[in-house]
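One structure below.
All figures in this text were calculated on a predicted structure; none of them were measured in a lab.
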Amino acid sequence: MLQPNALIVALLLFITQIASAQSDTKVDNKKFNEAVKLADDKAFGEAIQLFSEILENDPQNIPALYNIGNCYLNTSDGPDTAIVYFQEAYDLLQEDEKIGDVGVDIQLSIGKSHQYLLEHEKAITEYEELIAILPAEDELLRLEALREIEVCENAIELMQSPVTLKVKNLGPTINSKYDDHSPMISADQSMLFFTSRRASSYSELLFDGQYAERIYSSSKDEAEWKKAKSLQELFNKPGHEAGVALSAQATELIIYRHDVDGANLYVSSYDGSTWSEPVKMRSPINSKYEETHATATADKKTLYFTSNRPGGLGGYDIYRVRELPNGELGKAENMAAFNTPYDEETPVLHPNGKVMYFSSEGHNSMGQFDIFYSVMDDEGNWGPVQNMGYPINTPDDDFFFVPTTTPNIAYYASARYDDNYGGSDLYLIEYEEPEINRLAVIKGCINATDDAPIENVDIKVTRQGENEVIGHYKPHPGTGKYILILEADGKYNIEYSGEGFDGQSKTIDVTREMTYKSTSQTSNLDDVMMIDAAEPEPEATESESMYDTSDGIPYYTVQILSLKKPITTYDIFVDLEHEQITEYKCNDGFYRYSYGAFKGFKAALKGKDKVLQTGLWLDSFVRNIEQYNNLTEDTPAE
């Protein structure tokens with residue numbers, strides 16, 4: 001939604017003086033300031049009520065008229081009412097005031113209101129009249145008005161060829177009377193994650209009448225979504241906690257949160273029953289500036305993210321970071337193919353890895369943020385940026401468009417439809433099928449003899465008769481499950497290899513019948529048994545410096561507790577060997593306690609089972625021991 005123009009804050013005293021001079025009724029400054037604060041906190045309904053009370057006693061109060069207009073402009077059905085108030089405020093100005101800062105700002109707001117009402121010719125007329133009266137030195141305002149005219153012309157052109165849409169609200173098991181947004185869907189479309197501002201015991205009520213953002217998930221019961229549940233284990237901090245990206249198997253979740261360094265991206269992993277404590281993503285992904293959204297390729301070797309760091313083309317830009325052969329991250333590259341002098345946000349990579357969807361205020365936007373896409377060619381270059389079209393895009397903010405493996409099915413959030421439950425709701429949209437290849441989602445599972453760890457097992461896919469690798473995949477280290485996303489009408493070779501294992505291979509013919517014709521169809525491969533050709537590694541109980549991961553298999557531990565103060569006795573760890581308990585004094589002020597050091601994820605899951613059998617530490621989770629390096633100042637004390 002359009003935010004109240006910052007100009008009104010700077011001119012508050014000035015226009016209050018105008019109103020006082022033109023009205024015999026004393027301005028209620030206390031109530032006015034309270035209403036302005038509510039509007040600033042996005043509590044527009046409450047602000048409208050206070051501004052209305054002021055106008056009942058003082059109908060010619062220009063600041064109140066202007067501000068209530070801005071409040072209505074920020075509600076889904078209020079632009080027509082906003083115009084009435086803006087016009088009243090403008091008509092009350094003296095002729096010389098109409099070409100001043102206040103008059104110009106009101107004219108811009110009137111034009112924006114016409115845009116929201118899809119009255120683009122009227123908006124263009126408003127902007128042209130404004131340009132005609134602007135002093136020659138007001139070049140920035142002239143450029144702003146010219147850009148709005150360009151945006152209106154974009155909208156007129158896009159609306160001449162609307163996209164055919166079928167829109168379905170996901171229903172009351174998902175949506176609430178509060179804002180529900182940022183959908184994330186697993187590759188097989190069986191798991192849905194999203195962010196909600198609904199009431200819960202894990203979020204605090206904020207000034208705008210909604211609650212802090214929290215992450216929710218739901219799974220499908222046949223064709224219907226089950227009642228969404230909050231991911232309680234992630235909520236150990238006050239303030240907003242929003243999900244921005246989900247892995248294909250729904251086992252890794254990228255989270256946006258504020259910390260002492262500002263807005264940063266974190267990642268949490270699912271061990272089969274519990275989500276881990278989120279870990280801050282490495283530099284150069286995070287910086288001292290704001291990082292807000294991210295999306296990754298299926299092999300997790302390339303990450304795209306948004307940041308407002310210096311050196312970009314606009315405010316927020318999309319960047320790319322690639323993993324180097326040695327496991328380190330390369331430099332952050334500005335994606336000039338996507339970015340403009342305006343803001344770019346919410347990048348979402350299609351499951352095929354070749355189509356990028358993102359929102360932008362630039363390009364040929366029809367107003368505010370629009371959703372765009374770009375297609376990668378065979379040489380890895382991103383093609384021209386295309387607008388998704390109307391009515392997917394509108395003159396209001398449109399973003400976080402989430403495609404699926406079904407070519408013409410996507411999820412997104414909107415407050416514009418009549419069947420919404422309140423605020424923004426999550427919707428499934430079906431649109432005209434684009435010219436991209438159909439995809440098949442294929443599930444499989446890897447087992448290993450002697451329960452050997454499978455962390456370094458690699459799944460490589462090539463087309464029959466070709467040597468070029470078209471996909472690298474990894475199984476979940478605990479369950480062995482994996483998902484392949486392959487184009488239809490092709491035969492593929494699948495090779496399974498890893499240090500310490502005998503290689504395995506199989507072929508698969510992906511037909512169009514295997515591609516998504518509904519939102520619940522997947523294909524399954526027979527389980528693969530990896531033959532362990534090496535001696536099994538014993539569990540480690542030595543200090544972290546003794547852990548040898550040169551074979552590519554990490555050591556894991558089971559985190560049990562996170563406390564602000566250290567415990568005085570290990571006697572609380574009932575039925576657990578005290579020598580297996582490690583205390584970490586962490587930089588964030590917490591003391592973390594973990595159990596054991598296990599070679600491989602499967603061994604760690606057995607350790608977790610032992611912890612759970614005590615009946616005391618039911619929210620314990622498996623964690624890579626190396627993660628504690630970034631959390632501690634000194635070598636952990638045992």
Side-chain angles (χ1 to χ4, degrees), residues 184 244-248 252-257 261-267 279-365 369-387 399-403 436 468-474 485 630:
M184 298 167 288
V244 300
L246 183 70
S247 66
E252 286 192 352
L253 180 64
I254 298 178
I255 296 165
Y256 162 87
R257 63 161 50 160
D261 297 321
N264 283 293
L265 297 172
Y266 287 70
V267 63
V279 177
K280 192 172 182 179
M281 302 187 82
R282 294 179 288 170
S283 174
I285 297 170
N286 285 315
S287 69
K288 64 180 180 179
Y289 300 93
E290 292 194 347
E291 285 71 43
T292 55
H293 288 87
T295 187
T297 54
D299 61 8
K300 304 176 188 175
K301 293 186 180 298
T302 303
L303 183 91
Y304 298 84
F305 66 96
T306 50
S307 176
N308 67 346
R309 63 190 62 186
L313 298 182
Y316 285 88
D317 277 6
I318 299 173
Y319 291 81
R320 177 175 62 190
V321 167
R322 293 169 170 171
E323 184 179 300
L324 302 175
N326 63 1
E328 297 296 320
L329 295 179
K331 294 182 179 180
E333 310 169 62
N334 187 289
M335 296 301 297
F338 306 148
N339 297 320
T340 69
Y342 303 91
D343 284 343
E344 276 70 43
E345 273 283 13
T346 61
V348 180
L349 194 62
H350 191 279
N352 66 7
K354 297 180 180 179
V355 185
M356 178 68 76
Y357 296 86
F358 63 96
S359 57
S360 174
E361 293 178 314
H363 300 290
N364 61 327
S365 167
F369 279 104
D370 272 16
I371 298 163
F372 296 86
Y373 71 94
S374 175
V375 180
M376 180 188 290
D377 63 23
D378 293 338
E379 282 72 45
N381 301 311
W382 290 101
V385 171
Q386 304 289 332
N387 192 300
F399 43 174
F400 219 99
F401 179 91
V402 181
I436 61 175
E468 182 182 0
V469 177
I470 61 171
H472 275 286
Y473 300 88
K474 300 286 288 186
I485 302 173
N630 295 328

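Contact between I318 and P347 at its shortest, heavy atoms only, is CD1-CB, 4.2 Å. Between T340 and S360, the shortest heavy-atom contact is OG1-OG, 4.0 Å. Of all heavy-atom pairs between S307 and S287, the closest is OG-OG, 4.3 Å. Closest non-hydrogen pair, A332 versus V321, comes out as CA-CG2, 3.7 Å. P284 approaches G330 most closely through the heavy-atom pair CG-O, 3.3 Å.
Rounding to the nearest 0.5 angstrom, the gap separating the CE atom in M356 from the CH2 atom in W382 is 5.0 Å. If you take CZ on F358 and OG1 on T346, they are separated by 9.0 Å, rounding to the nearest 0.5 Å. For the atom pair CG (D343) and CG (L313), the distance works out to 11.5 Å, reported to the nearest 0.5 Å. Separating the NE2 atom in H472 from the NZ atom in K300 is a distance of 14.5 Å, to the nearest 0.5 Å. Rounded to the nearest 0.5 angstrom, F338 CZ and H363 NE2 are separated by 9.0 Å. The distance from the CD atom of E323 to the CG atom of L329 is 6.5 Å, given to the nearest 0.5 Å.
A distance-only check finds a donor-acceptor pair linking the side chain of T297 to the backbone of T302 [under 3.5 Å]. Side chain of Y342 to main chain of F369: no donor-acceptor pair is present (N/O by atom type, distance under 3.5 Å, no hydrogens or angles).
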Original post:
Between E291 and R309, is a side chain to side chain contact (heavy atoms under 4.5 Å, CB included) present by the stated rule, with each step listed?
Top reply: CA-CA 8 Å; E291 285 71 43; R309 63 190 62 186; 3.1 Å; yes

**OP:** Apply the test side chain to side chain contact (heavy atoms under 4.5 Å, CB included) to residues N286 and L265: give CA-CA distance (whole Å), side-chain angles for both, the deciding distance (0.1 Å), then the verdict.
**Re:** CA-CA 7 Å; N286 285 315; L265 297 172; 3.8 Å; yes

**OP:** Decide yes or no on side-chain hydrogen bond (donor to acceptor under 3.5 Å, both in side chains) for T306 and E345, but give the supporting numbers first.
**Re:** CA-CA 6 Å; T306 50; E345 273 283 13; 3.2 Å; yes

**OP:** List the steps and the verdict of side chain to side chain contact (heavy atoms under 4.5 Å, CB included) for F372 and N364.
**Re:** CA-CA 9 Å; F372 296 86; N364 61 327; 3.1 Å; yes

Subject >> Verdict with reasoning, M281 to L303, per side chain to side chain contact (heavy atoms under 4.5 Å, CB included) >> reply: CA-CA 11 Å; M281 302 187 82; L303 183 91; 4.0 Å; yes

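Between Y319 and F305, the angle of the ring planes stays under 30°, which puts this pair in the parallel group of the 30/60° scheme.
With hydrogens and angles left out, the side-chain atoms of Y316 and E290 include a donor and acceptor closer than 3.5 Å.
A distance below 6.0 Å separates the ring centres of H293 and F400.
The shortest distance between side-chain heavy atoms of Y357 and T295 does not fall below 4.5 Å.
Around the CG atom of D378, the shell of radius 6.0 Å holds no more than 12 heavy atoms that belong to other residues, nucleotides or ligands.
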